[in-house]
Q: 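Mind having a look at this structure? Questions to follow.
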Amino acid sequence: MRPTLSVAIGLLSLALAVGPAFAQPVALTTRLITDALDQPLYATAPTADPRLFVVEQTGRIRIIVDGKLSDAPFLDLSGSISSGNEQGLLGLAFHPDYAKNGRFFVDYTDKDGNTHVVGYKVSADPAVADPASATELLRVDQPYANHNGGWLGFGPDGYLYVAMGDGGSGGDPQNRAQNPDELLGKILRLDVNGAAPYAIPESNPFAEGGGRPEIFALGVRNPWRPSFDGDDFYIADVGQNAYEEITVITAESAGANLGWKIMEGPSCFEAQSCEQTGLVPPTYSYSHDTGGCSITGGYVYRGKAIPEISGQYFFADFCDSRVNSFAYADGEAGDVFDWTKQLGGIGAITSFGVDSQGELYITTIEGNLFEVVRAE
């Protein structure tokens, strides 16, 4: 993801993946919720909570109540973070038992550009977090300013997953994504219900040694907005110069190696041939030759308002605001449907989001939050 107001505009024509055909079942459009956000990067909600919480890259978490943006932020970290380009407040995840324990977690880069994963609790006022409750889980040094990842999310196993980019620059010059002694270029998995600040799940691949025990999966470049759909784990990974990719694994895929920088998408990276044994190939990828340059991962739609699109995984490209979807079944991505004429052209798409009812939202770097709705 390249969150900048200087948006590269290109033409994108995605190659269709092999799988069952998906005919357009419904007309969709977007409904503007607010245009008063400051570089929003994410939208999410606690379980069974009617509110929507929006992450602003510049450091605040804002609340949408009954379709209206509240004036006061839920949490303001703007004085603690570096912001701009690919840095800032990047992730937010509510504990599955948030209604009972008030716990949530954020991911941000500090003034020196290093990554922090920090836990908080809500205050006695449900619209305000308690800043004094901050408990740091992780601090990861970042050698360069880009490729910070930043997504946080809870899996069906109740563990907290953390997406870490490869440390930046270009081409992963120190080969961190393939180094099990580095947290960069990995998906991490933490048990935040165990010992403070976290315990290591026994099924993590290096729980008994051989690498950092926090690691769940290896070989990612800059995972931008992964998501779970039940046990299926969708990881959208921003490519270098050739491919954008989505890989679907599961919460049981501990130790999966998604290939970077041996591979970029379906091809060997800067080599005619490479050893691919043990690598997990992308479920779906598209070439920069056909357009696009920075994938924005999304969600499988499970809301009730538009049942015709149930099971469709929506994703976009930041550079040209394309919106596409496919249905995943039997280990394959079905045919990709292009929703751009209905949902695109709204700005540079930084993220999708879902509320507690499973309804789908889109954020753009220009400050907008949209809901995906049925066209009348």
Side-chain angles (χ1 to χ4, degrees), residues 1-8 37-42 55-61 76-92 105-118 136-152 162-179 181-188 212 214 218-226 235-242 244-245 260-261 264 269-270 288 292-297 317-319 348-351 363-367:
M1 207 286 278
R2 301 173 178 87
T4 170
L5 291 176
S6 299
V7 180
L37 295 161
D38 190 3
Q39 299 179 37
L41 295 184
Y42 195 49
V55 174
E56 294 180 324
Q57 184 183 2
T58 48
R60 297 182 299 177
I61 300 173
D76 188 350
L77 297 175
S78 57
S80 302
I81 69 167
S82 54
S83 181
N85 194 21
E86 298 182 22
Q87 297 177 326
L89 180 58
L90 302 176
L92 167 65
F105 302 84
V106 299
D107 184 303
Y108 66 85
T109 55
D110 64 20
K111 294 292 187 181
D112 295 321
N114 298 313
T115 290
H116 295 257
V117 177
V118 182
E136 184 160 279
L137 278 68
L138 285 175
R139 179 189 183 278
V140 182
D141 290 344
Q142 293 284 357
Y144 306 99
N146 57 337
H147 301 183
N148 298 297
W151 171 85
L152 302 173
V162 182
M164 295 294 303
D166 65 8
S169 185
D172 193 7
Q174 284 78 42
N175 198 30
R176 290 183 166 93
Q178 290 297 321
N179 184 350
D181 293 320
E182 293 265 6
L183 295 182
L184 297 170
K186 312 295 191 302
I187 304 294
L188 312 181
R212 290 292 300 265
E214 296 90 347
L218 304 83
V220 292
R221 181 178 178 273
N222 192 28
W224 188 248
R225 298 305 177 235
I235 303 173
D237 201 10
V238 178
Q240 180 72 36
N241 297 315
E244 303 299 307
E245 63 186 90
W260 174 252
K261 69 172 186 174
E264 181 184 4
F269 178 64
E270 296 184 342
H288 288 192
C293 73
S294 184
I295 195 167
T296 296
D317 194 289
F318 179 79
C319 297
I349 296 174
T350 55
S351 186
T363 59
T364 70
I365 199 66
E366 293 85 0

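Source: prediction; values computed, not measured.
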Q: Strictly distance-based, threshold 3.5 Å: is any side-chain N or O of N179 a donor or acceptor partner for the main-chain N or O of D181?
A: yes
Q: Below 4.5 Å, heavy atoms only, C-beta onward: do V140 and L184 meet side chain to side chain?
A: yes
Q: Restricting to non-hydrogen atoms, name the atom on D317 and the atom on E244 that form the minimum distance, rounded to 0.1 Å.
A: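 Reported closest heavy-atom pair: OD2-CG, 4.2 Å.
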Q: In Å, rounded to the nearest 0.5 Å, how long is the span from CD of Q240 to CD of E270?
A: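 It comes to 7.0 Å.
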Q: With a 4.5 Å heavy-atom cut-off, do T350 and F318 have their side chains touching?
A: yes
Q: Looking at L90, is its backbone amide N or carbonyl O close enough to the side chain of W151 to form a donor-acceptor pair, meaning the two atoms are under 3.5 Å apart?
A: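 A pair under 3.5 Å: no.
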Q: Which atoms form the tightest heavy-atom contact between Q142 and N148, and what is the distance?
A: CD-OD1, 3.3 Å
Q: Check whether any side-chain heavy atom of I187 sits under 4.5 Å from a side-chain heavy atom of P223, and report yes or no.
A: yes
Q: Short question: side chain of D237, backbone of N222 - any donor-acceptor pair under 3.5 Å?
A: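 Yes, because the side chain of D237 sits within donor-acceptor range (under 3.5 Å) of the backbone of N222.
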Q: How far apart are the closest heavy atoms of A236 and I295, and which atoms are they?
A: CB-CG2, 4.1 Å
Q: Evaluate the side-chain proximity of Y108 to V118: yes if any heavy-atom separation is below 4.5 Å, no if none is.
A: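 Touching, per the 4.5 Å side-chain cut-off.
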Q: Rounded to the nearest 0.5 Å, what's the gap from CG on L41 to OG1 on T363? Could you check?
A: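 Between atom CG of L41 and atom OG1 of T363 there are 6.5 Å.
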Q: Is a side-chain donor or acceptor of T109 paired with a backbone partner of Q87 at a separation under 3.5 angstrom?
A: no
Q: To the nearest 0.5 Å, how far apart are CG in L137 and CG in L152?
A: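 One gets 9.5 Å once the value is rounded to the nearest 0.5 Å.
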Q: Going from CD on Q57 to CG on N85, what distance comes out if it is rounded to the nearest 0.5 angstrom?
A: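 The CD atom of Q57 sits 8.0 Å away from the CG atom of N85.
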Q: Return the CZ to OG distance between R225 and S351, rounded to the nearest 0.5 Å.
A: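 The distance works out to 4.5 Å.
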Q: Please enumerate all residues that pass side chain to side chain contact (heavy atoms under 4.5 Å, CB included) together with Q174, with sequence neighbours excluded.
A: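 Scan of Q174 (side chain to side chain contact (heavy atoms under 4.5 Å, CB included), adjacent residues dropped) gives Y144, R176.
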Q: Looking at G239, is its backbone amide N or carbonyl O close enough to the side chain of E264 to form a donor-acceptor pair, meaning the two atoms are under 3.5 Å apart?
A: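 It does not hold such a pair.
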Q: Listed by chain and number, what are the side-chain hydrogen bond (donor to acceptor under 3.5 Å, both in side chains) partners of D110, not counting sequence neighbours?
A: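 Expected list: H116.
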Q: Holding to side-chain hydrogen bond (donor to acceptor under 3.5 Å, both in side chains), I want the full list of residues that pass it with W260, two or more places apart in sequence or in another chain.
A: D166
Q: Roughly how far apart are Q39 CD and S83 OG, rounded to 0.5 Å?
A: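 Taking CD in Q39 and OG in S83, the distance rounds to 5.5 Å.
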Q: So do the side chains of R221 and V238 get within less than 4.5 Å of each other, counting heavy atoms only?
A: yes
Q: Side chains of V162 and L183, heavy atoms from C-beta outward: is any pair under 4.5 Å?
A: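 The answer is no; the side chains never approach within 4.5 Å.
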Q: Name all residues meeting the side-chain hydrogen bond (donor to acceptor under 3.5 Å, both in side chains) criterion together with T58; count only those two or more places apart in sequence or in a different chain, and write none if there are none.
A: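 With sequence neighbours excluded, T58 shows a side-chain hydrogen bond (donor to acceptor under 3.5 Å, both in side chains) to D38, given in chain and number order.
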Q: How close do D172 and K261 get, heavy atom to heavy atom, and via which atoms?
A: O-NZ, 3.1 Å
Q: The criterion is side-chain hydrogen bond (donor to acceptor under 3.5 Å, both in side chains); which residues satisfy it with D141, sequence neighbours excluded?
A: R139
Q: Quick one: list whatever passes salt bridge (Lys or Arg N to Asp or Glu O under 4.0 Å) with E245, sequence neighbours left out.
A: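 By the salt bridge (Lys or Arg N to Asp or Glu O under 4.0 Å) rule, E245 matches no residue at all.
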Q: What's the shortest heavy-atom distance between L188 and M164, and which atoms?
A: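 Answer, listing the atom of L188 first, then M164: CD1-CG, 3.9 Å.
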Q: For the backbone of I349 and the side chain of T364, can you confirm whether one donor and one acceptor N or O come within less than 3.5 Å of each other?
A: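 Not a single qualifying donor-acceptor pair exists.
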Q: Identify the two heavy atoms, one from I235 and one from V220, that lie closest to each other, and give their separation to 0.1 Å.
A: CG2-CG1, 4.5 Å
